[in-house]
Chemist: 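This structure is in structure tokens; I'll ask about it shortly.
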Amino acid sequence: MTANWSPIAQEERNQLCYGVWGIVGSTAWWPGVVNIWEEDGFAGLASSFRHELGHPDLQDPKLAAWWAAAADMRSGGIDRLLLPAPWTRTIEELCADGVRGELYAHEQVKVAPGGAAGFLELVRAEAVPYYARFGWEPVGAWRTALGDDSECFLLWAVPTYEQWAEFETAYDADPADGGWKSRLRASVTSFDRMLLVDAPLSPMRIGRQPSRADRGEDWPE
């Protein structure tokens with residue numbers, strides 16, 4: 001996904017790898033991964049779709065070898081198109097800023113229809129300062145497209161496992177300590193957090209996009 005596919009996507013689709021993570025199985029389903037890709041808006045995504053699907057078999061020929069190898073390691077998946085909050089940094093900005101976590105917290109939030117953008121503004125104003133008390137840094141905040149504006153995703157870089165534990169202890173004691181949990185409950189219809197760890201060539205881990213130089217010698221393009 002990183003070295004074997006991302007360099008092609010960068011060149012032919014202007015598609016950047018935002019991150020590839022393994023799911024910490026104790027916190028969600030397993031085995032599993034989360035992949036996030038950065039497109040140049042809807043126009044860039046439209047071009048990317050044409051590039052991928054404009055073939056009789058609805059598959060980019062450059063992906064044939066990748067799919068053949070990946071088929072034995074996949075059982076399916078769920079994709080979404082995500083729209084970033086105005087204050088979400090691009091992956092190049094995150095790498096330039098040196099953002100990285102020993103682990104990451106991935107949060108899926110459901111709100112009332114039409115409430116996604118307003119919730120992301122609440123996150124910027126209240127959640128970011130609250131999480132910063134424990135050293136957590138916002139990596140991304142998105143709302144789901146092609147729906148009723150009722151779903152958001154948040155991603156946080158957590159510097160150490162100890163800082164994750166410190167946060168969870170305080171969050172469990174909320175609202176006595178800060179009040180974010182009670183504020184969250186008043187604003188959403190459902191909420192779920194799971195933990196992730198960087199894949200070896202995830203951009204924030206290596207500080208750049210994956211390249212062909214990262215490939216194993218036996219990979220044919």
Chemist: Side chain to side chain donor-acceptor pair (under 3.5 Å): which pairs involve residues 32-44, sequence neighbours left out?
Modeler: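 Output for this query lists Q15-E39.
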Chemist: Evaluate the criterion side-chain contact (heavy atoms from CB on, under 4.5 Å) for residue pair F153 and R80; output intermediate values, then yes/no.
Modeler: CA-CA 10 Å; F153 288 90; R80 286 173 172 82; 3.4 Å; yes
Chemist: Under the ring-ring contact (aromatic ring centres under 6.0 Å, His included) test, which residues partner W164, sequence neighbours left out?
Modeler: none
Chemist: What residues form a side chain to side chain contact (heavy atoms under 4.5 Å, CB included) with E102, not counting sequence neighbours?
Modeler: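 With neighbours one apart ignored, the set is T160, Y161.
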Chemist: Among all residues two or more places apart in sequence or in another chain, which pass the side-chain hydrogen bond (donor to acceptor under 3.5 Å, both in side chains) test with S150?
Modeler: D148
Chemist: Table please: side-chain donor-acceptor pairs of residues 103-116 below 3.5 Å, with sequence neighbours left out.
Modeler:
from : atom 1 : to   : atom 2 : distance (Å)
Y104 : OH     : G101 : N      : 3.1
Y104 : OH     : D198 : OD2    : 2.9
E107 : OE1    : Y131 : OH     : 3.3
E107 : OE1    : W156 : NE1    : 3.0
E107 : OE2    : Y131 : OH     : 2.9
E107 : OE2    : R193 : NH1    : 2.7
Q108 : NE2    : E151 : OE2    : 2.9

Chemist: What's the shortest heavy-atom distance between W30 and G25, and which atoms?
Modeler: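 Shortest heavy-atom separation between W30 and G25 comes out as CD1-O, 3.6 Å.
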Chemist: Starting at CD1 of I91, measure out to CD1 of I36 and round the result to the nearest 0.5 Å.
Modeler: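 Output value for this atom pair is 9.0 Å.
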Chemist: Not counting sequence neighbours, list each pair that qualifies as a salt bridge (Lys or Arg N to Asp or Glu O under 4.0 Å) and has a residue in residues 88-98.
Modeler: R89-D97, R89-E137
Chemist: With sequence neighbours left out, what residues match R183 under side chain to side chain contact (heavy atoms under 4.5 Å, CB included)?
Modeler: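 Listed in chain order: L122, E126, W180, S187.
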Chemist: Test: salt bridge (Lys or Arg N to Asp or Glu O under 4.0 Å). Region: residues 18-31. Which pairs qualify, not counting sequence neighbours?
Modeler: none
Chemist: Under the side chain to side chain contact (heavy atoms under 4.5 Å, CB included) test, which residues partner S182, sequence neighbours left out?
Modeler: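 Listed in chain order: D174, P175.
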Chemist: Going by the rule side chain to side chain contact (heavy atoms under 4.5 Å, CB included), which residues pair with A28 if we only count those two or more places apart in sequence or in a different chain?
Modeler: I23, M194
Chemist: Please name all residues satisfying salt bridge (charged side-chain N to carboxylate O under 4.0 Å, His left out) with E162, sequence neighbours left out, ordered by chain then number.
Modeler: none
Chemist: Tell me, please, which residues at least two apart from R13 pass salt bridge (charged side-chain N to carboxylate O under 4.0 Å, His left out).
Modeler: E52, D60
